[in-house]
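Keep in mind the model is a prediction, meaning the values are calculated, not measured. Residues: numbered from 1 along the sequence shown.
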Amino acid sequence: QMQLAESGGGLVQAGGSLRLSCAATGRTNSDYSMGWFRQAPGKEGEFVAAHHWNSGRTYYAESVKGRFTISRDNAKNTVSLQMNILRPEDTAVYYCAANLINSDYNRPASFRFWGQGTQVTVSS
C-alpha cells in the first residue's frame with residue numbers, strides 16, 4: 001500500500017502563488033504516475049495535472065495550463081504542484097493521486113491511491 005499526504009494549502013489573494021507538495025510513503029515506487037485533482041464545494045472532482053512515471057511527460061487541464069506546473073522528485077518520493085496567478089475559481093480541496101498507469105490521467109477512476117486533500121482558498 002502507498003500512503004499520500006498533501007501539504008502547502010492555504011489562503012492567498014488572487015494573482016498570488018502557492019506550492020502544494022505530496023509525500024508518498026509505504027510501498028513507494030517510481031513507476032507510479034502521479035496526478036493532482038481538485039474538488040470545489042458543490043462541484044464534481046476535476047483533473048488538474050499529471051506526471052507520467054517513465055517519460056516524464058506532464059499533462060494539464062486547460063483551465064490551469066500555463067499557470068500550474070507539476071514536478072516530482074523520485075529520490076524524495078514527492079510530487080509538487082506550483083500554482084501561479086491563482087484565481088478565485090481555483091478555490092478547492094486539492095488531492096494527490098497515484099497509480100501504475102500510462103493513460104487516462106484525467107480520470108479519477110484511473111488512480112488507486114489518494115491523499116486526504118489540502119484546502120486552497122483564493123480570495124478576490
Side-chain angles (χ1 to χ4, degrees):
Q1 291 290 330
M2 175 187 286
Q3 293 79 45
L4 302 173
E6 303 93 340
S7 62
L11 173 65
V12 64
Q13 288 187 335
S17 299
L18 279 176
R19 185 177 181 86
L20 305 183
S21 292
C22 174
T25 58
R27 190 175 177 179
T28 59
N29 192 321
S30 60
D31 290 349
Y32 283 81
S33 291
M34 306 295 293
W36 286 95
F37 291 79
R38 66 186 182 186
Q39 186 166 22
K43 296 185 178 181
E44 293 188 357
E46 176 187 23
F47 167 73
V48 177
H51 184 287
H52 184 256
W53 67 274
N54 188 30
S55 68
R57 290 180 180 173
T58 55
Y59 305 86
Y60 296 95
E62 285 297 324
S63 60
V64 306
K65 199 172 289 185
R67 299 187 298 124
F68 291 12
T69 303
I70 186 172
S71 60
R72 69 190 292 171
D73 185 333
N74 287 333
K76 296 181 178 180
N77 292 320
T78 59
V79 62
S80 298
L81 185 68
Q82 177 66 42
M83 306 185 296
N84 299 325
I85 318 175
L86 283 161
R87 304 167 179 167
E89 53 263 40
D90 294 319
T91 295
V93 177
Y94 283 70
Y95 298 90
C96 172
N99 204 7
L100 292 166
I101 58 173
N102 294 297
S103 62
D104 296 332
Y105 303 102
N106 61 338
R107 298 177 63 237
S110 298
F111 290 86
R112 178 182 177 187
F113 301 105
W114 292 82
Q116 293 187 333
T118 184
Q119 176 71 46
V120 172
T121 303
V122 184
S123 63
S124 58

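The shortest heavy-atom contact between A50 and Y105 is CB-CB, 3.6 Å. Summarising the geometry of Q3 relative to G26, their closest heavy-atom pair is OE1-CA, 3.6 Å, with the distance given to 0.1 Å. Considering every non-hydrogen atom in both A49 and L81, the closest pair reads CB-CD1, 4.1 Å. Between L4 and A24, the shortest heavy-atom contact is CD2-CB, 3.7 Å. The minimum heavy-atom distance linking E6 with G115 is given by the pair OE2-CA, 3.2 Å. The two residues A92 and A40 make their nearest non-hydrogen contact at CB-N, 3.8 Å.
Formation of a donor-acceptor pair under 3.5 Å by the T91 side chain with backbone atoms of V122 is found in this model. Between the side chain of R57 and the main chain of H52, no donor-acceptor pair closer than 3.5 Å is present. Judged by distance alone, with hydrogens and angles left aside, the side-chain atoms of D73 form a donor-acceptor pair with the main-chain N or O of K76 at under 3.5 Å.
The cluster map of Ile, Leu, Val, Met, Phe, Trp and Tyr, joined by side-chain heavy atoms under 4.5 Å apart, puts M34 and L100 in the same cluster. Residues L20 and F113 fall within the same hydrophobic cluster, defined by Ile, Leu, Val, Met, Phe, Trp and Tyr side chains chained together at heavy-atom separations under 4.5 Å. Note on V79 and V120: same hydrophobic cluster, where clusters join Ile, Leu, Val, Met, Phe, Trp and Tyr whose side-chain heavy atoms are under 4.5 Å apart, directly or indirectly.
In terms of the salt bridge (Lys or Arg N to Asp or Glu O under 4.0 Å) criterion, residue partners of E46 (sequence neighbours excluded) are, by chain and number, R38.
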Expected list for residues 58-66: side-chain donor-acceptor pairs under 3.5 angstrom, two or more places apart:
from : atom 1 : to  : atom 2 : distance (Å)
Y60  : OH     : I70 : N      : 2.9
E62  : OE2    : K65 : NZ     : 2.7

Which side-chain N or O atoms in residues 11-19 pair as donor and acceptor under 3.5 Å with protein atoms at least two apart or in another chain?
from : atom 1 : to  : atom 2 : distance (Å)
S17  : OG     : N84 : OD1    : 2.9
R19  : NH1    : Q82 : OE1    : 3.2

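Within a 6.0 Å sphere centred on CD of Q116, heavy atoms belonging to other residues, nucleotides or ligands number 12 at most.
Counting only heavy atoms from C-beta outward, the side chains of V48 and M83 never approach each other to under 4.5 Å.
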Any chance you could lay out the side-chain contact (heavy atoms from CB on, under 4.5 Å) test for I101 and W53, step after step, and finish with the verdict?
CA-CA 8 Å; I101 58 173; W53 67 274; over 6 Å; no
Using side-chain contact (heavy atoms from CB on, under 4.5 Å), reason through C96 and W36 one step at a time and then give a plain yes or no.
CA-CA 5 Å; C96 172; W36 286 95; 4.0 Å; yes
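Checked options Y94, F37, F111; the residue passing with F47 is F37 (criterion: ring pair (Phe, Tyr, Trp, His ring centres under 6.0 Å)).
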